[in-house]
Amino acid sequence: QGGFISQRFITAGKLQLDQQIAGQDITAARLRLHSQEQRVLSDVRIRFYAALAAQKRLEFTRKLVRIGDELVAATRTLLAGRLGTENDLLQAEIRVDESRSLRDNARNQQAEAWRRLSAVIGSPHMPMVPLSGDLTESLPELEWDTCLQTVLDSNPELNAARTRVERAEITILRA
């Protein structure tokens, strides 16, 4: 019989440590978000350049087929003028058939690359349109030490791991 009253007093700066722990959790969540954004951007870039390379390959194989067709026509003209042989014509036809096979493979590879790009973008029914870009543009000169330092300083996953370590240190200090 009687009443009971209690109050909990947080002492020794534990409230401030709890706030620091919560702040580390927020920082870790932001770093995870940034890491995911970087993954998506990398995936889109990879798929874009794969689709661009497939498009260029198809353009080149179409030119190869056109040149092969011209070769067959020229060989037939030579054969009609008795300046070529039947063997020359057969070889030209074999080459143009190989070129057509390469073109068909390139067309299939372009379709596959486009499907992968549109899936990564999140629009699987996006119609195929010509891509613009240059695969032969000069790439920057990179040095190992500079790249390593950049990765160590700005990699979101490494920064998230550092944040988890700091959180654990604060948790231990609070305990």
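All figures in this text were calculated on a predicted structure; none of them were measured in a lab.
- Among residues two or more places apart in sequence or in another chain, the side-chain contact (heavy atoms from CB on, under 4.5 Å) test is passed with Met126 by Trp114, Ser118, Ile121, Ser123.
- Of the inter-residue distances, the one linking Gln20 atom CD with Leu173 atom CG reads 8.0 Å to the nearest 0.5 angstrom.
- With hydrogens and angles ignored, the 3.5 Å screen pairs a side-chain donor or acceptor of Thr77 with a backbone N or O of Ala73.
- Interatomic distance, Gln110 CD to Arg115 CZ, rounded to the nearest 0.5 Å: 10.5 Å.
- Hydrophobic cluster membership differs between Val72 and Leu90, with clusters built from Ile, Leu, Val, Met, Phe, Trp and Tyr side chains linked at under 4.5 angstrom.
- Applying the salt bridge (charged side-chain N to carboxylate O under 4.0 Å, His left out) criterion to Asp88, with sequence neighbours excluded, gives no partner residue.
- Contact detail for Pro156 and Ser35: the closest heavy-atom pair is CG-CA, 3.6 Å.
- Of the N and O atoms on the side chains of Asp145 and Gln149, not one donor lies less than 3.5 Å from an acceptor on the other residue.
- Across all non-hydrogen atoms, the minimal contact from Leu31 to Ala160 is CD1-N, 3.4 Å.
- If you take CG on Asp18 and OG1 on Thr171, they are separated by 8.5 Å, rounding to the nearest 0.5 Å.
- Residues meeting the salt bridge (charged side-chain N to carboxylate O under 4.0 Å, His left out) test with Arg39, sequence neighbours left out: Glu157.
- With a 4.5 Å cut-off on side-chain heavy atoms, Glu37 and Leu33 count as touching.
- At a threshold of 4.5 Å between side-chain heavy atoms, the hydrophobic network of Ile, Leu, Val, Met, Phe, Trp and Tyr places Trp144 and Leu152 in one connected group.
- Look at Glu166 and Arg162 and you find no salt bridge, because none of the NZ, NE, NH1 or NH2 atoms lies under 4.0 Å from a carboxylate O.
- Note on residues 44-61: no pairs pass salt bridge (Lys or Arg N to Asp or Glu O under 4.0 Å), not counting sequence neighbours.
- Every residue meeting the side-chain contact (heavy atoms from CB on, under 4.5 Å) condition with Gln19, not counting sequence neighbours, appears here in chain and number order: Leu15.
- Note: the hydrophobic cluster containing Tyr49 does not contain Leu142 (ILVMFWY, side chain heavy atoms under 4.5 Å, direct or indirect links).
- For the pair Leu52 and Ser132, the tightest heavy-atom approach, listed with the atom from each and the gap, is CD1-C, 4.4 Å.
- Rounding to the nearest 0.5 Å places OG1 of Thr61 at 11.0 Å from CD1 of Ile67.
- Contact record, Ala54 with Ala113: CB-CB, 4.1 Å, taken as the closest heavy-atom pair.
- Here Asn155 pairs with nothing under the side chain to side chain donor-acceptor pair (under 3.5 Å) rule; sequence neighbours left out.
- Shortest non-hydrogen contact noted between Ala51 and Leu131 is CB-CD1, 3.6 Å.
- Residues that satisfy the side-chain contact (heavy atoms from CB on, under 4.5 Å) test with Asp25, not counting sequence neighbours, are Ile21, Arg167.
- Ion pair Glu93/Arg76 flagged as a salt bridge, since at least one NZ, NE, NH1 or NH2 atom sits closer than 4.0 Å to an Asp/Glu carboxylate oxygen.
- Applying the side-chain contact (heavy atoms from CB on, under 4.5 Å) criterion to Asp69, with sequence neighbours excluded, gives Val65, Val96, Arg100.
- Here the straight-line distance linking atom OG of Ser99 with atom NZ of Lys63 works out to 14.0 Å at 0.5 Å rounding.
- With sequence neighbours left out, Arg116 forms a salt bridge (charged side-chain N to carboxylate O under 4.0 Å, His left out) with Glu112.
- Between Leu79 and Gly84, the shortest heavy-atom contact is CD1-O, 3.3 Å.
- Arg95 pairs by the side chain to side chain donor-acceptor pair (under 3.5 Å) definition with nothing, not counting sequence neighbours.
- In this structure Asn87 satisfies the side chain to side chain donor-acceptor pair (under 3.5 Å) test with no other residue, sequence neighbours excluded.
- Between atom CD of residue Gln24 and atom CD1 of residue Ile170 there is a gap of 4.5 Å, rounded to the nearest 0.5 Å.
- Considering Leu117, Val120, Asp43 as possible partners of Phe48, the one that fulfils the side chain to side chain contact (heavy atoms under 4.5 Å, CB included) test is Leu117.
- Partners of Arg103 by side chain to side chain donor-acceptor pair (under 3.5 Å), not counting sequence neighbours: none found.
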